[in-house]
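So the structure is just underneath, and the comments pick up after that.
On a predicted model such as this, the values are computed, not experimentally measured, just so you know. The analysis underlying the following values was restricted to heavy atoms, covering all of them including side chains, and did not include hydrogens, waters or symmetry mates.
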Amino acid sequence: MKPAALMLGAMLLALPGVARADEDLVAKRETCREEAKQRITIRGKTKVAVDDYRRLVDRRNAHVSDCMIRTRIAHETSPLPPRKPNS
């Protein structure tokens with residue numbers, strides 16, 4: 001019984017750290033989404049075709065995925081993400 005109690009105690013002590021890590025990921029994802037919205041836009045157009053909008057959403061999602069992998073979030077002075085080649 002004693003090893004089981006020690007294991008339970010260790011798991012209970014680890015839970016706050018896991019919860020903090022999840023909160024950090026949520027905050028990081030939100031920051032990455034905001035960064036993608038600011039950086040990847042269609043400028044000068046109020047009406048956007050469906051294909052252009054899908055392409056915009058795909059580029060933003062790719063940016064968020066790349067941003068989540070990085071250890072640090074980019075700042076305003078860093079270069080823009082690469083553009084998708086026109087095809």
Hey, what do you get for [atom1] ([X]) to [atom2] ([Y]), rounding to the nearest 0.5 Å?
X: Lys28; Y: Arg70; atom1: NZ; atom2: CZ; answer: 8.0 Å
X: Leu56; Y: Asn61; atom1: CG; atom2: CG; answer: 9.5 Å
X: Arg54; Y: Asp52; atom1: CZ; atom2: CG; answer: 11.0 Å
X: Ser65; Y: Arg60; atom1: OG; atom2: CZ; answer: 14.0 Å

Flag side-chain contact, heavy atom, 4.5 Å: Glu35 against Ile40: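 No, side chains not in contact.
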Which heavy atom in Val64 sits nearest to a heavy atom in Ala36, and how many Å separate them? CG2-CB, 4.1 Å
For Ile42 against Val48, the heavy-atom pair lying closest together: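 Scanning both residues, the minimum pair turns out to be CD1-CG1, 3.6 Å.
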Charged N to carboxylate O below 4.0 Å: is that the case for Asp58 and Arg55?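 Result for this pair is no, no salt bridge flagged.
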